[in-house]
Amino acid sequence: MDIFEQTENLQKEVQETVITDAEALEKFRIRFLGSKNILKDIFGEIKNVPNERKKEFGQLVNKVKQTAEEKFAALQEQFQQQNTTAETIDLTLPGDVTNLGARHPIQVVKNQIVDIFKRLGFAVQEDREIEDDWHNFTALNMPEDHPARDMQDTFFINVNPDIVLRTHTSSVQVRTMENQKPPIRILSPGRVYRNETISARSHCFFHQVEGLYIDENVSFADLLQTLDFFVKELFGKDTKIKLRPSYFPFTEPSAEVDVTCFICGGSGCTVCKQSGWVEILGCGMVDPKVLENCQIDTKKYAGFAFGMGVERITMLKYQIKDIRLLSENDTRFLEQFKSAR
Ligand code: PHE
């Protein structure tokens with residue numbers, strides 16, 4: 001092998017040597033760049049190279065040296081960086097705190113309500129928030145110009161007054177009665193809208209859970225038993241209910257339901273305004289006219305319905321004084337419900 005070939009081989013070696021740690025790099029440095037490196041030895045052979053090729057040979061040896069220097073510098077830098085990162089990771093430091101979210105109190109209470117009725121065989125039924133006049137009003141025995149429409153200040157769409165933002169989830173009950181044959185046992189939770197001035201007590205949108213039960217031989221006693229079970233599950237087994245006669249166009253008879261104040265137990269406090277009772281829902285036997293509107297045979301079937309505001313129950317349960325807190329989504333407020341289920 002002549003001296004040119006030997007030098008070419010060294011060039012190859014420099015390029016191809018795989019170096020993965022500092023020890024191998026030091027060996028590489030000694031071999032190619034150290035004070036007694038192999039390139040010096042080979043350069044010493046220049047005396048035996050014919051004159052006309054001396055320049056070519058000198059350039060070739062220099063190229064090997066340069067390649068070795070560059071490779072060494074690059075690897076040295078790489079190893080140093082790895083070292084510093086390894087040193088700066090302090091495994092004894094406490095980990096980053098992951099800030100877990102919390103369920104919104106409205107969801108917490110809605111789930112509690114739904115779970116109780118699920119145990120009584122009620123299935124959850126949801127539907128659209130943008131409704132037509134028929135499902136929100138007319139089918140529910142509130143024809144146009146019916147004064148009861150004023151009870152629910154409605155958001156209409158300007159260009160088409162037949163389209164409304166639903167004012168209650170009773171519209172879901174109408175849709176279910178139109179599409180399903182009795183027996184029907186549904187719960188319709190969802191967001192509803194009313195054109196009310198926003199204050200500590202009322203908002204232009206809120207949430208309801210309404211229920212509907214239609215079957216043969218359903219009576220007012222069934223309604224009473226269902227609600228009695230519900231309030232005892234939600235507020236505690238000592239809770240009592242009281243029904244006050246009321247009016248809804250879609251139920252007859254209709255009632256509003258009060259429960260014994262679960263804060264003071266009935267002795268009177270600020271939550272129940274010293275009365276010992278708090279109002280939580282409206283209910284009644286479904287008006288036969290509503291059943292007929294949905295093609296349900298009123299000779300065979302009867303039913304009851306009820307509806308409650310989730311915000312109201314949430315505010316009572318957690319003694320929240322301003323309904324706006326429930327939609328502002330201030331995390332300082334919401335974080336307090338982390339443990340609520
Ligand atoms: N839909 C009524 C409301 O929004 C509540 C209700 C439902 C009352 C069913 C009676 C029966 O005010």
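Whatever order the structure lists them in is the order used to number ligands and atoms, beginning at 1. These numbers come from the heavy atoms of this one structure, side chains and all, not from hydrogens, waters or symmetry mates.
Less than 4.0 angstrom separates some heavy atom of Phe306 from each of these atoms of ligand 1: 7 (C), 9 (C), 11 (C). Here is the list of ligand 1 atoms found below 4.0 Å of a heavy atom in Cys283: 10 (C), 11 (C). Within ligand 1, counting atoms from 1 as listed, the ones closer than 4.0 Å to a heavy atom of Ser170 are 1 (N).
Residue contacts with ligand 1 for Arg194 involve side-chain atoms from C-beta outward but no N, CA, C or O (heavy atoms, distance under 4.0 Å). Within the 4.0 Å heavy-atom criterion, the part of Phe250 lying near ligand 1 is the side chain and not the backbone. At a heavy-atom distance under 4.0 Å, no atom of Ser254 approaches ligand 1.
At the shortest separation from atom 4 (O) of ligand 1 among protein heavy atoms lies Gln208 NE2, 2.8 Å. Remark: minimum distance from atom 5 (C) of ligand 1 to any protein heavy atom is reached at Glu210 OE2, 3.5 Å.
Note on ring orientation: taking the six-membered ring where Trp is involved, the planes of His203 and Phe205 are tilted (angle from 30° to 60°). Between Phe122 and Phe304, the ring planes are tilted. Angles from 30° to 60° get that label.
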Q.
Apply salt bridge (Lys or Arg N to Asp or Glu O under 4.0 Å) to residues Asp297 and Lys181 and explain how you reach the verdict.
A. CA-CA 10 Å; Asp297 182 357; Lys181 296 234 162 324; over 6 Å; no

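Checking His207 against Glu311 by side-chain atom types alone, a donor-acceptor pair falls below 3.5 Å.
Remark: Arg194 is not positioned above the aromatic ring of Phe155, lacking an NZ or CZ atom under 6.0 angstrom from the ring centre and at most 45 degrees off the axis.
The residues Arg332 and Asp330 are annotated as salt-bridged, a charged nitrogen and a carboxylate oxygen being separated by less than 4.0 angstrom.
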